[in-house]
Amino acid sequence: MTAVEQKFMGRGSLTEGFGLSTEPLPLEPYYSREFFELEQKMIFRRAWLYVCRAEELPEPGNFVVKSIHGTGVEALITHTKAGRIQAFYNSCPHRGSIVVKESAGKASRFSCPYHRWTFENTGDLVGVPDEENFFPSMDKKNCGLAKIATDVWEGWVFINLAAEPEVGLEEYLGPAKGYLGGILYRGAHNPVVYTAVLDANWKTASDAFIESYHIPHIHKKTIGTTFASRLNPYSRLIGARPLGTHRTISLFGNPEYTIDPRNRVEALGSMGQEGKSVIAADVSEEATRFRAHPAINPDRSEHWSMDINQIFPHLHIDTGPGSFWTHQFWPIDEKTCFYEVRFYIDEATSIQDRFLQELFICRVGEVVLEDLANLRFTQRGIENSGKGVMHLQDSEVAIRHALTQVIKWTRAQTVKEALA
Amino acid sequence: MSVAGQMERNLPPGFEDLEPFVARWAGETTAERMVTRCEADMEDIQVFYDAMLSRGEDAMNLISQHPLTDLPPDVANLAKLLLALAQASIAVELHGQPRAPEAPYPNSIRLTRGPHPYG
């Protein structure tokens, strides 16, 4: 028996490596209204929240509006002439109306549709119709758009809804910063985006994307053979490590994967191109540089398929053999969340590559659908379990660590304490 | 149909056999083509799948002769038909029916930005 085969037998030691208890964990955080409200206050109004990649705002004048679902906040994020990316409450300081109705665009100024108060994209108020009829208490200098704390790290734009964030973004990222620092984010300007409203708590949904134990059953037809094989039939993890309040795991890949002869359309896409398939590794120089980063396949395993880097609370940055993609799970209420997945890809230059992309995007759509369908049942069961706890195995260590961190944040008096 | 009952030509010469599929299957975006597949009968999907797959290599070769982001209109239609084959394969090769069994339809999943071009 080889060392690799050994790894997929008996009980693993990942949970022990995280220093976590092995006891069952409570289900209450997945359905309780009270816990949801606590999360909103103690996590979503104190933690740094990832909102978008800087490539969404490539030039001064670009803006996007992002909904911070559970909080009700709409963040207007602008790229100013001075080159700064800054978020604001999308609300007019006059009588509160939404200022920008578009979800993205280019403008150096915004005019509130209600009474035409006009703002620079730095938030400064520059125009008030019939200004002389206002009272001295309306000082234009204090009536700009309300700022939301914003910081950018390696192209990842984060906001913080605290009036004064207790820690800066770098301190918040902690060990994740050094671990992920320097990754070459290929195709970052060119995402393919799926969104869905899922009938599941945001953690129920997020948990489904940080374990591969379910893949051989739920995704048997779509991706089952990619993540499991005779060597590792239950798709156990090949590695996992905590990164402060964040974490990373690496998934098994089936090195024996070949195109199923029944998949004639995929065979057509790889026509005449040795080694091309929907999941085949990109052999370009850029892809090779991307893969060389120590956080990508950190164990340098020949049985590796992808890594999942979970940035607290609701972002996953996934890295595969040639590209990265992200998942975000925004809580809407205790049993519903807004899900967004973005696959960052190179722009196709040949019809063959474009065709393989199309096949990939179609299959991914089916995988999302399988999760959407399955999560409804998970959530319904969680809400009425009769037992109130869940039992996690060693390869579900990321779920255990994630929930432990969520609970810790809801109890911590300060952010420093939550991060300690 | 144009005058004298002649079929209007939407595809490059040599692909006349695929003309009947253009109106339905050559949707402008991936999301449109997905709706077409989800709402079609299995028999129709199978007929399109068989016809398009048998011309897949020819189509790929012809489209390759043009820059992908600047295809002449008839070649662009052929490219969109070819891309629709990816959707058809989901029904034929994966599910054996138009949509995933047990999954709700319509549902809340939206492809809000597809790959370029025709995505």
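What you see below is based on every heavy atom in this structure, not just the backbone, and it leaves out hydrogens, waters and symmetry mates. Residue numbers begin at 1 in each chain, while the letters A, B, ... track the order of the sequences. Everything numeric here is computed off the predicted structure, so don't read it as measured data.
- At least one side-chain heavy atom of B:Pro104 sits under 4.5 Å from a side-chain heavy atom of A:Arg376.
- Distance check: B:Asn61 CG to A:Ile351 CD1 gives 11.5 Å after rounding to the nearest 0.5 Å.
- Both the backbone and the side chain of A:Leu369 come within contact range of chain B, each with at least one heavy atom under 4.5 Å from a heavy atom of that chain.
- Using a 4.5 Å cut-off between heavy atoms, A:Ile361 touches chain B through its side chain atoms alone.
- Neither the backbone nor the side chain of B:Pro67 comes within contact range of chain A; no heavy atoms are under 4.5 Å apart.
- Neither the backbone nor the side chain of B:Arg99 comes within contact range of chain A, judged by heavy atoms closer than 4.5 Å.
- The greatest number of non-hydrogen atom pairs below 4.5 Å with chain B, out of A:Gln357, A:Glu366, A:Arg342, A:Glu370, is found for A:Glu366.
- For A:Arg380, the CZ atom sits in a loose shell: 12 or fewer heavy atoms of surrounding residues, nucleotides or ligands are nearer than 6.0 Å.
- Between the A:Arg354 side chain and the B:Tyr118 main chain, a donor and an acceptor come within less than 3.5 Å of each other.
- A:Asn374 does not touch chain B: none of its heavy atoms, backbone or side chain, sits under 4.5 Å away.
- Contact check for B:Leu85 versus A:Leu268: side-chain heavy atoms found under the 4.5 Å cut-off.
- Looking at B:Tyr49, the atoms closer than 4.5 Å to chain A (heavy atoms on both sides) all sit in the side chain, from C-beta outward.
- B:Arg113 has no carboxylate O lying under 4.0 Å from a charged side-chain N of A:Glu56, or vice versa, which leaves the two without a salt bridge.
- In plain terms, the two heavy atoms of A:Val265 and B:Ala86 that are nearest each other are CG1-CA, 4.3 Å.
- In this structure, the separation between OG on B:Ser89 and CZ on A:Arg363 is 6.5 Å, given to the nearest 0.5 Å.
- There is no contact between B:His66 and chain A, counting heavy-atom distances below 4.5 Å.
- The parts of A:Thr195 that come within reach of chain B are both its backbone and its side chain, each placing non-hydrogen atoms under 4.5 angstrom from that chain.
- Residues A:Asp199 and B:Ser108 are not in side-chain contact: their nearest non-hydrogen atoms beyond the backbone lie 4.5 Å or more apart.
- In this structure, B:Glu93 contributes its side chain and A:Arg264 its backbone to a donor-acceptor pair below 3.5 Å.
- For B:Ile90, the part lying near chain A is the side chain, with the backbone staying farther off; criterion is any non-hydrogen pair under 4.5 Å.
- Crowding of A:Phe209 atom CZ: a count of heavy atoms from other residues, nucleotides or ligands under 6.0 Å exceeding 12.
- Between B:Thr112 and A:Tyr194, every side-chain heavy-atom pair lies at or beyond the 4.5 Å cut-off.
- Contacts of A:Phe36 classified as ring pair (Phe, Tyr, Trp, His ring centres under 6.0 Å), with partners at least two apart in sequence or in another chain: none.
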